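Computed from a predicted structure; not experimentally measured. Basis for what follows: all heavy atoms, side chains included, without hydrogens, waters or symmetry-related copies.
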Amino acid sequence: MLKRSLAALVAFTCAAVLTVYVRPAAASPLWHVVRPGDTLASIARMYGHSKATLARWNQLPPDTTVQVDGVMRLNPPKVLLPPWRSHIEPVSPGMVNWNPLRRCPVLPTSLRKVWVSYIDFAGAHHDGSIVVRVDAARRVQNIFHTLYNWRFRITGMAPMRVNNPTQKNMATVTAAYSCRNVGGTRVLSEHASGVAIDINPYQNPMIRGTSVSPANSAFYLNRDQYQVGMLHPEGAARAFLWNGYHWGGYWRSLKDYMHFSLTNR
């Protein structure tokens with residue numbers, strides 16, 4: 001009886017020691033941000049998957065050319081992404097908080113709300129919208145269709161109460177029209193004309209002298225890294241450049257990596 005009790009005590013003690021000191025294996029990454037030189041096959045090999053499996057998880061043709069800044073998921077999705085969809089609708093004064101006393105340079109009748117599919121940072125599909133000048137609406141559809149096909153991810157788009165109700169920091173939202181001045185000046189922003197778009201502001205900050213905006217985004221000042229939502233000239237920025245937009249990431253007096261406009265201002 002005593003021997004059996006001692007044996008049981010030893011077994012319990014060993015189990016307790018193992019419970020305390022044996023570390024679980026590190027969790028596998030959930031996604032990979034495409035970098036220059038990556039291919040679907042090289043990414044698959046990197047994580048021990050087959051090319052066909054990786055293509056299926058990302059709903060891409062096996063012979064697809066992956067695009068820089070796109071995000072490849074490394075596990076099977078719980079829900080498949082639907083086909084990309086979009087539509088354009090007129091804008092009422094109430095939709096854009098129109099106030100004639102502010103003398104905004106474009107009337108609501110010359111604006112359009114463009115609805116597009118996008119993929120958020122968790123890999124989920126949403127229908128989001130941005131407001132742009134009427135002549136930019138088709139370009140915007142082309143841009144976001146390309147980004148969706150490349151599996152580029154966007155933090156959030158309006159309506160945020162639907163797409164990400166827990167996000168309270170509106171400085172993170174991808175948006176376009178806003179009747180406002182350039183920060184710190186009395187000059188109207190190109191956003192007030194509906195010809196500028198800001199994409200993932202937090203991951204693509206504006207740098208003016210020693211000032212960085214949005215606040216607390218300094219981690220993303222190192223543009224040699226490839227993180228979810230970042231824009232690079234050989235990557236997602238091309239979707240805008242191919243459609244006639246200019247990029248603040250090319251400016252010299254300051255850098256505004258989030259900012260694209262038709263006027264280069």
Side-chain angles (χ1 to χ4, degrees), residues 26-40 42-49 54 57-60 64-75 77 81 116-126 128 130 143-144 146-157 160 163-164 166-175 197-208 210-242 245 247-251 254-260:
S28 299
L30 300 178
W31 56 73
H32 173 87
V33 181
V34 180
R35 294 158 173 76
D38 282 350
T39 65
L40 195 63
S42 70
I43 297 169
R45 286 195 303 271
M46 190 183 307
Y47 297 100
H49 302 303
L54 193 63
W57 287 347
N58 288 278
Q59 296 171 244
L60 295 171
T64 194
T65 300
V66 294
Q67 301 293 332
V68 172
D69 295 334
V71 178
M72 297 294 102
R73 66 175 308 123
L74 303 174
N75 58 4
L81 293 171
V116 295
S117 297
Y118 76 92
I119 306 168
D120 72 11
F121 275 27
H125 167 274
H126 298 278
I130 60 173
I143 290 165
F144 282 90
T146 297
L147 294 178
Y148 192 81
N149 287 343
W150 287 357
R151 300 301 187 249
F152 181 75
R153 295 191 179 183
I154 295 172
T155 310
M157 295 176 69
M160 290 297 283
N163 290 332
N164 192 350
T166 62
Q167 177 60 266
K168 304 303 180 185
N169 183 5
M170 292 300 103
T172 67
V173 179
T174 290
I197 304 172
D198 287 344
I199 305 294
N200 289 345
Y202 193 79
Q203 289 74 29
N204 301 286
M206 181 185 71
I207 310 151
R208 181 188 285 128
T210 59
S211 173
V212 180
S213 178
N216 303 315
S217 60
F219 171 79
Y220 293 98
L221 295 183
N222 175 9
R223 306 308 293 181
D224 291 332
Q225 62 180 332
Y226 290 81
Q227 302 287 344
V228 178
M230 290 181 69
L231 298 151
H232 294 87
E234 72 277 25
R238 294 174 300 157
F240 295 85
L241 301 174
W242 292 345
Y245 278 80
W247 187 30
Y250 283 144
W251 293 349
L254 61 89
K255 294 291 187 183
D256 196 350
Y257 292 107
M258 72 182 83
H259 185 83
F260 293 89

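Of the possible polar contacts, one joining the W247 side chain to the Y257 backbone as a donor-acceptor pair under 3.5 Å is found. In this structure, Q59 contributes its side chain and L81 its backbone to a donor-acceptor pair below 3.5 Å. At least one donor-acceptor pair closer than 3.5 Å links the side chain of K255 to the backbone N or O of G249. When atom types are taken as modelled, the side chain of D198 and the backbone of A171 share no donor-acceptor pair closer than 3.5 angstrom. At distances below 3.5 Å, not a single donor-acceptor pair connects side-chain atoms of N163 with backbone N or O atoms of G156. With hydrogens and angles ignored, the 3.5 Å screen pairs a side-chain donor or acceptor of R35 with a backbone N or O of V33.
To the nearest 0.5 Å, the span separating CD1 on I119 from OH on Y148 amounts to 5.5 Å. For the atom pair Q227 CD and N222 CG, the distance stands at 9.0 Å (nearest 0.5 Å).
Residue I199 comes nearest to N204 through the heavy atom pair O-ND2, 3.4 Å, listed as atom of the first residue, atom of the second, then distance. Minimum interatomic distance between A239 and T146 (heavy atoms only, all atoms of both residues): CB-CG2, 3.9 Å. In this structure, P201 and M258 approach most closely via the heavy-atom pair CB-SD, 3.6 Å. Between L54 and R73, the closest heavy-atom pair is CD1-O, 3.3 Å. Closest approach of E234 to P36, counting heavy atoms only: OE2-CG, 3.4 Å. Taking every heavy atom of both residues into account, Q225 and M230 meet most closely at O-CE, 3.5 Å.
Within the 4.5 Å cutoff, side-chain heavy atoms of L30 are placed close to those of N75. A 4.5 Å side-chain heavy-atom check between V34 and M72 finds at least one atom pair inside the cut-off. Here the side chains of N164 and F121 are not in contact, with every heavy-atom distance at 4.5 Å or above. Taking 4.5 Å as the limit, every side-chain heavy atom of N200 sits out of range of all side-chain heavy atoms of L231. Using a 4.5 Å cut-off on side-chain heavy atoms (C-beta onward), W150 and R238 make contact. At a threshold of 4.5 Å between non-hydrogen side-chain atoms, the residues F144 and S117 do not count as touching. The side-chain heavy atoms of Y245 and I143, taken from C-beta on, include a pair separated by under 4.5 Å.
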Which donor-acceptor pairs under 3.5 Å do side chains of residues 211-219 form with protein atoms, sequence neighbours excluded?
unit_1, atom_1, unit_2, atom_2, d
S217, OG, P214, O, 2.6

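Residues satisfying the ring pair (Phe, Tyr, Trp, His ring centres under 6.0 Å) criterion with Y118, sequence neighbours excluded, are H126. Among residues two or more places apart in sequence or in another chain, the ring pair (Phe, Tyr, Trp, His ring centres under 6.0 Å) test is passed with H125 by none. For S42, the side chain to side chain contact (heavy atoms under 4.5 Å, CB included) criterion is met by D38, T39, R45, not counting sequence neighbours. For F240, the ring pair (Phe, Tyr, Trp, His ring centres under 6.0 Å) partners at least two apart in sequence or on another chain are F260. Evaluation of the ring pair (Phe, Tyr, Trp, His ring centres under 6.0 Å) rule for Y202 yields Y220 as partners, not counting sequence neighbours.
Under a cutoff of 6.0 Å and an axis angle of 45°, R151 and W31 do not form a cation-pi pair.
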